[in-house]
Amino acid sequence: MEYNFRDIEEKWQKKWAEKEPFKAENDSDKPKYYVLDMFPYPSGAGLHVGHPLGYIASDIYARYKRHKGFNVLHPQGYDSFGLPAEQYAIQTGQHPAITTEENIKTYRRQLDQLGFSFDWSREVRTSDPNYYKWTQWIFIQLFNSWYNNDSDKAEAIEDLVARFEKEGNSKINAACDDDTPTFSAEEWKQFSEADKQRILLKYRLTYLADAEVNWVPALGTVLANDEIVNGVSERGGHPVIRKKMTQWMMRITAYAQRLLDGLDTIDWPQPLKDIQENWIGRSEGAEVQFRIQNSEFRISVFTTRPDTIFGASFMTLAPEHELVEKITTPEQKAEVEAYVEATAKRSERDRMADVKTISGVFTGAYAKHPFTKEPIPIWIGDYVLAGYGTGAVMSVPCGDQRDYDFAKHFGIDIPNIFEGVDISEEAFADKANTVIANSDFLNGLNYQEAIRKVIDELEKIGQGKGKINYRLRDAVFSRQRYWGEPFPVYYDADGLPQMLDEEHLPLKLPEVEKYLPTETGEPPLGNATHWAWDTKNNKVVSNDLVTLSAVEGSDKDNGIYPLELNTMPGWAGSSQYFNRYMDPHNDEEIFSQEAIAYWQDVDLYIGGSEHATGHLLYSRFWQKFMFDKGYVPKPEFAKKLINQGMITGTSAFVYRTKPSLIISNKYEHDNRKSFHDLLEKIPDIFITKNYIEKNFKIERKVNFAKGKFPEIKEIWNSFNEYSLNLDSEGLLFEIHKLHADVSLVNSSDELDIEAFKKWQPEYKDAVFILEDGSIYDRNSPLEGGERGVYKVGREVEKMSKSKYNVVNPDDIVEDYGADSLRLYEMFLGPLEQSKPWNTAGITGVHSFLKKLWKLYSSLEGGVDSEPTKESLKTLHKTIKKVEEDIENFSFNTSVSTFMICVNELTAQKCTSREILEPLAILVSPYAPHIAEELWEKLGHSESIAYAPFPKFEEKYLVESTKEYPISFNGKMRFKMELPTDMDREAIEEAVMAHEQTAKYLEGRTPKKVIVVPGKIVNIVG
RNA sequence: GCCGAAGUGGCGGAACUGGUAGACGCGCUGGAUUCAAAAUCCAGUGGUAGCAAUACCGUGUGGGUUCGAUUCCCACCUUCGGUACCA
């Protein structure tokens, strides 16, 4: 019987859907194992062959663990809030929920057809109110918490209030805003309730703040730092500007050190840990206060080189620094204001683009050096960033290249404080070889000694202390968008944020007419007519009922307040979903304590490394918070993580040209117009790949008049009704590389020209120069005769719709089946590595499956036989290798092993059930449909999914002889079959006695003979 | 610039802790089957020289350690990813 993959796969997918064999129980005698995929954002484009790679790997591992007797949790869901559905809504008016629902249907169909063993009964969707109820709930928990640096964990805000009442805040070591005022217990008690709330906001783990944010005008929203790439938005590539706005923030910086330390406890890829480590960016140094002359203000700076403090010859503030306007002298005022304004106008990208340009302005003010008491001029310059450290630096030109360049540019002193170092050309930043000079009490000390000493001295005079600074910023948590989680927040009579009571969650997303910002520039939720909170009846009511009580007096307060108009960012919903899967239908709690106590954490998490500084960092942060609050037992949510590599596409390129300019005096005036008319009529020419490679450099202008390119000339001359002499007139043209859809190209890189024209109608009249030099145009006969071909260029690129190199898994499944696709994706190469897709190669694994199928056909007639020694050896070496490979996530090599195994068993004409049954189990994680079918044919009525994994037995592999490679000076020359138990001396004797040995020695006596028993013999001559 | 990963046939890749480089598959070449094609099967396939046995050269480049290096050490080149005036 033939291998009919379509029927087989349909049959088993139906059975799995009906019987739900992969449903995990929250209680079991078996050990637990939790395999998690990063849940997808259901985009409108559906899956391409790159997407399932990680899912296939995790599914193999999950199925393997079931064979190994584990109770496996392998859930799947959707990260279904997000920008694309909302952008689509803006364009079409279609509600994002509808778009999302449709996309999810497509995803589900595509996932189902690949035979994944997901427990769909646990599906979550971040946009489902029953799910985001708990996202809102966590937000409230964060709001009600502060970070105690002494206990090094999050604690309840009531405890903080109790301490304020007892001792004020001066002794409390908390993570809080820099501008938090100091107060005593008495003062605290005097504060109004509103003032108390304002102060508490400076301590809460989620808080409102005026922050410099990344504003994307094109999207009408702010984005977090990790959503900005090269100064433009990650999605859409829109420009970003800095803007000060009141936003919800997450105090992730409180956890900076723990996020760093935790990395040592988890088995995640080192590159990913490095990325997080760089992102957190810990640096040790000191904070130093500089007094300002004739002023009460002090400038605080952070430096990693306090040892160079005597080399500070000026100070630089970021243009946004709050002291700038306060200290600038009247004479400098105009200049400074102009500079500040100019900097604010420049976009982030502009600022990044010209790092080289040095700019700055003197404020007119002077600071006082803490030790020498000398005056130090204070400048502002945009090379100092407002967002890092204190937004101010002490500039030591002799030790820092940027300070050096700035000083040189503005003619500021560059005192040298290093012994025996020439700084006439550049700054000296080599810490290891530093000996301090011209620095009073630091003279003669090295870097480390000097740092210790200077920090001591600074502490003595109360102008500084050792400090650890982090690059990590608090995360902006507000988005001015519609399609996200609403904040469970309303604003009271004082305009202060108040949390809804937990029992009234979820606060559901309201309906709006338009998904765009309001006319007054409010977020889209401002368009909702019912978006106010009635605190008496605890429900959402019409906006019209809101009383402006703050203005009209509290007696008019009817308890109805406006709700927050921002929504939460994309990462909110994905920061705890892995825990929610443990108990996804619980309406009382985010998850029951029984469920989390059983499942604990994720054992294996597979997903892309692009989430390193977003999802994976925020999730670790929330997990640590949940750990502090005692909701989860582990401070890290995933023990092991693997980044699957990207499957890249093989793009196809066509080469288009058109003449662009005549460089001749003769045609300067009148004829120029006729040339442009001519241009309209001249067709595009597409030139085949080899012609291009021989003659052109792409994207470079080519002078036409040099007597070259007769084919191109011929075509253009045929349209030359204006009698332009193309031969002599120096016509320039450029070759442009254009993507062609890969489906229009066959495996020999030949373009289907007619299909291409149909696909891009603007080129329907184009002319093609073919490989054999012939010309193909509208008048060319399509059929008959030998025609040349048009060959495309090929390049490996990221698979994406815009590059027309996307391969759809639906087509592959249709042609070869899901098992073939699964095997092939694994066979392509190591999981972590990026590798190009090439559909042609799939025939290899497909014919493997056919051979496998054939191997079992003998059993249909009830034929069975004792296994031969060879077959047992083949089986057991396969068991050993496959088991090792799966444990090491080396799935590509086990597919090879299967092929070798089946080739060997076929050669051995194996018809033994004792071999074929275990083999079916080995294959089952990789190709589950065919394995189930074969298992059934072997007479089993239960699914193969829980059949115990075959046990490897060494005894079948033991050999009595070994074929030794015999090498001379490291070069293998011949082989010798010798008993495995032969000792060193006997082997040497046997080898030396061999006739071939004499031949290769050519009469010389060997200097040395190296015998490694069981491995190799090397004769050194 | 800094941090990280990787460079092996025409292509994807294999080679366990230093021990027969190129497993397995694609592609290609020749053959069988077929009216023909697809499918299937058999043989060959790193390069150079040779009818051949065989020899020499070969894991980005240059050096080193070793009886022996794709594997270890040093320097460099290239590609990809992260980050970027981080004080």
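Residue numbers begin at 1 in each chain, while the letters A, B, ... track the order of the sequences.
Here the side chain of Thr303(A) is nearest to one of rG13(B), rA87(B), rG25(B), namely rA87(B). The side chain of Asn1018(A) approaches rG68(B) more closely than any other nucleotide in the set rG68(B), rC3(B), rA15(B). Which of rC67(B), rC24(B), rA5(B) sits closest to the side chain of Pro271(A) comes down to rA5(B). When each of rG27(B), rA87(B), rC41(B) is scored by its nearest atom to the side-chain atoms of Lys851(A), the top-ranked nucleotide is rC41(B).
Just one residue in the list Thr357(A), Asp403(A), Asp405(A) forms a side-chain hydrogen bond (donor to acceptor under 3.5 Å, both in side chains) with Tyr383(A), and that residue is Asp403(A).
Between Arg473(A) and rC86(B) there is no side-chain polar atom (N or O) within less than 4.0 angstrom of OP1 or OP2. Of the side-chain N and O atoms in Lys975(A), none sit less than 4.0 angstrom from OP1 or OP2 of rU20(B). Asn838(A) has no side-chain polar atom (N or O) that falls below the 4.0 Å cut-off from OP1 or OP2 of rG25(B). At rC57(B), one or more side-chain N or O atoms of Lys971(A) fall inside 4.0 Å of OP1 or OP2 (strictly under the cut-off). The side chain of Gln833(A) places an N or O atom within less than 4.0 Å of a non-bridging phosphate oxygen (OP1 or OP2) of rG13(B). The side chain of Tyr1000(A) contributes an N or O atom lying less than 4.0 Å from OP1 or OP2 of rA55(B). The phosphate of rG68(B) (OP1 or OP2) has no side-chain N or O of Asn969(A) nearer than 4.0 angstrom.
Atom CD of Gln644(A) and atom P of rG81(B) are 16 Å apart (whole Å).
Residue Thr843(A) is classed as a sugar-phosphate contact, given heavy-atom separations below 4.0 Å to backbone atoms only. Ile1010(A) comes within 4.0 angstrom of a nucleotide base, judged by non-hydrogen atoms across all strands. Within the 4.0 angstrom heavy-atom criterion, no nucleotide atom of any strand lies near Ser967(A). Backbone-only contact: Asn903(A) has heavy atoms under 4.0 Å from sugar-phosphate atoms and none from a base. Within the nucleic acid shown, Arg973(A) comes within 4.0 Å of sugar-phosphate atoms alone, with no base atom in reach, counting heavy atoms only. Nucleic acid contact for Asp403(A): none, since no nucleic acid atom lies under 4.0 Å from a heavy atom of the residue. At a threshold of 4.0 angstrom between heavy atoms, the contacts of Val393(A) include nucleobase atoms, whether or not backbone atoms are also involved.
Minimum heavy-atom separation, Thr390(A) to Val301(A): OG1-CA, 3.3 Å.
Using cut-offs of 30° and 60° for the angle between ring planes, the His876(A) and Phe952(A) rings count as tilted. Between Tyr618(A) and Trp571(A), the angle of the ring planes stays under 30°, which puts this pair in the parallel group of the 30/60° scheme.
Taking the six-membered ring for Trp, His369(A) and Phe310(A) have ring centres closer than 6.0 Å.
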